[in-house]
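Encoded as structure tokens, the structure appears first; notes follow it.
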Amino acid sequence: MSKMRFFALQELANRKPVDVSLPSDKLSDYYGIHVFDQQKMKEFLPKEAYKAVQDAIEKGKRISIETADLIANGMKSWAKQLNVTHYTHWFQPLTDGTAEKHDGFIDFDKNGDVIERFSGKLLIQQEPDASSFPNGGIRNTFEARGYTAWDVSSPAFVVDDTLCIPTIFISYTGEALDYKTPLLKALAAVDIAATEVCKLFDTKVERVHANLGWEQEYFLVDRALYDARPDLCLTGRTLMGHSSAKDQQLDDHYFGSIPARVTAFMKELEIECYKLGIPLKTRHNEVAPNQFELAPIFENVNLANDHNQLVMDLMKRIAQKHKFAVLLHEKPFSSVNGSGKHNNWSLCTNTGINLFAPGKNPKGNMLFLTFLVNVLMMVYKNQDLLRASIMSATNSYRLGANEAPPAILSIFLGKQLTAVLDSFVKQDYGSNSDNESLTLKLGIDRIPEILLDTTDRNRTSPFAFTGNRFEFRAVGSSANCAGAMIAINAAMANQLEEFKATVDSFLEDGMTKTEALFHALKDAIIESSPIRFEGDGYSDEWKQEAVKRGLSNINSVPEALMHYESKQSRAVLIGEHIFNETELASRLEVELEKFTKKVQIESRVLGDLAINHIVPTAVIYQNRLLENVRGLREVFDDAEYEMQSADRKELIREISFRITEIKRLVNEMTEARKKANHMENYQERAFAYEQEVKPYLESIRDHIDNLEMEIDDEIWPLPKYRELLFTK
Ligand code: ADP
Ligand code: MG
């Protein structure tokens, strides 16, 4: 056995759970102690500074530099209580993760004496070098400099010895280079558009905010085994590995008891999250062995997303202490379930109404129905944008594979709600047209009791209605939720504007409000009906049915991403001012380049492993077999030798064949890569990687996985699936 694999297994045998104790038996004693929240602002800021922050959060008012000085000073005083020495602008560039550049509070005063300083200027804005982050060509157009600017709506927090200030990240010329900037714009757009529609029902509604409750799936692998798998370390997934004889077929992992080492990890993660004011609620085993999930209570989208980014980071750090590696990749192991990040999304008014929850009276139900139908239309019209928003090199291995949503968008509503919509379109707008009687006639007033029954929850739908929210399940586990949330909220804003315009035009034609709503809804229900699907989203029949319905199903990553530029996506993203032309073009370039680079890295790693680890191991085993055959020749006469050695000769031939094939395929793959790398155009390059390079990953793997079954376990160099997946 290779030394790495041997030592890894030996370490594994001696692992013990880490002791984790609660800071206090009362959660409220430590919840949020690492966040500069409202309560701490009140305590540490002068009155006028506190008010300025509130006005900035609620009304978007600017904060003067003098006030910023006061705020920075208050923040520093609070942070110093936690022994903080550094501060950083914490932002979300277009990479997989967050970025931070730590600076000390250290400074010199006028007399040259050392002091600790944190000024308003440093709080509000900084200038990291934008050229070292993905920028999709934007930096070439002008300057390398970029700016980070304070996002007042997300509170500052402390991690270790550093005060972290959530910021947006833009180029010197003002274009967004991050996820947060367009997200804030999309949330503002949906706020305005949804408020306008709400006003048709209730003039008291002044704001609508979007909520997000994410569910994060992940795998844990023992650290030593992980370190012995270069493919996991460098690409986040196993590029080879024969499936374990037992994996998830007995369904014995889902909701099963959590191993002690894992519980200790989860417990410590929860404590750290609580200190940061992240309201984690749920933890459980997932379907695949060593797969788990955690989910917080939902929050407003911007904060929820910051929290998700922070949690992904914390998970990695805390896992190290527990001698685990966290795998956030969507498909770390082929043939067992992949990991998603369900995005539970809802819209809520400032008057406290959840627009996706059936109302308590007929009027409330008309409001609910209006928003429900607009979601149907939004997804129907923006399938391609929604898919582009979740597609990536890593998520592409999950979509459509074992128990994951296919790359077809559809919405599940449940039997009763479907019946309500079906009966709605059968109605004519008759004489009985005042609000009350219409809704009664349509049976809409009965929705609440009906929806209490959620037993027919369909887990195979990529976009499911779950009683008071929609759950977008195609989002990948490693993704920044902002990608999906930008698309959904911007598209919803666009859809609601169109709906409002339709209703307004009906009103101008002399219809009553109820009549106008009735017709606008009826038309929308009929038009969007192809997007509704209640059956098994994982089945092959659905793929055929979707084609008949004219729904798109795109598995190629570059092709899916190119739809960022399709007519409808542009109408949403440019039309709603989420991106300008330059930003949209750069976003597409960044995503395509990310794809290209990830496939390039996988291809290089697989090539190295195949030639340096697998082929030499196969040769060693083949030589042993050859020796054995020679020995048989010496011992037996011709006839018996032929009989005794037949199977070994067959095996030698097979191993020989696979070695030759692996070498040939690796050479071809390298040539394909070279050719693609020489392409000037980043779009052509991405398509070349998808079509010419990516298929080799599968064909080479196939030979390696077969060799794994044929070769003596003792000399196999890499930890196997059964070892990686069944860590205690
Ligand atoms: P399941 O696994 O059954 O889908 P979970 O309890 O794991 O459900 O996760 C549900 C998620 O949905 C949680 O994050 C929860 O806070 C969130 N959620 C619940 N209600 C809403 C809502 N109205 N808007 C947004 N998210 C919500
Ligand atoms: Mg869910």
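Order of appearance sets the numbers: ligands from 1, and atoms from 1 within every ligand.
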*Does an N or O anywhere in Leu212 fall below 3.5 Å from an N or O of ligand 1?*
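Between Leu212 and ligand 1 (N or O atoms, distance only) the closest approach is not under 3.5 Å.
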*asked:* Between ligand 1 and Ser346, is the shortest N or O to N or O distance under 3.5 Å?
replied: yes
*Write down the atom of Arg283, the atom of Lys267, and the distance for their closest heavy-atom approach.*
NH1-N, 3.8 Å
*Check each heavy atom of Arg283 against ligand 1 and say whether those closer than 4.0 Å belong to the side chain, the backbone, both or neither.*
neither
*Is the closest heavy-atom distance from His342 to ligand 1 below 4.0 Å?*
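Judged by the 4.0 Å heavy-atom criterion, His342 does not count as contacting ligand 1.
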Looking only at the side chains, is there a donor atom on one of [X] and [Y] sitting less than 3.5 Å from an acceptor on the other?
X      : Y      : result
Asn285 : Gln291 : no
Asp178 : Thr181 : yes
Glu330 : Asn395 : no

*For Ile297, take its heavy atoms, then give the atoms of ligand 1 lying under 4.0 Å from any of them.*
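With Ile297 as reference, the close atoms of ligand 1 come out as 16 (O).
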*asked:* Only heavy atoms of Asn354, strictly under 4.0 Å: list the atoms of ligand 1 that pass.
replied: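 With Asn354 as reference, the close atoms of ligand 1 come out as 23 (N).
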*asked:* Once side chain to side chain contact (heavy atoms under 4.5 Å, CB included) is applied, do any residues pair with Gln320, and if so which ones, sequence neighbours excluded?
replied: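 Applying side chain to side chain contact (heavy atoms under 4.5 Å, CB included) to Gln320 gives Arg223.
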_From the candidates Glu293, Glu471, Arg469, the one that places a heavy atom nearest atom 10 (C) of ligand 1_ =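 It is Arg469 whose heavy atom sits nearest to atom 10 (C) of ligand 1.
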*Could you check Asn480, Asp306, Asn305, Thr167 and say which one makes a side-chain hydrogen bond (donor to acceptor under 3.5 Å, both in side chains) with Lys180?*
Asp306
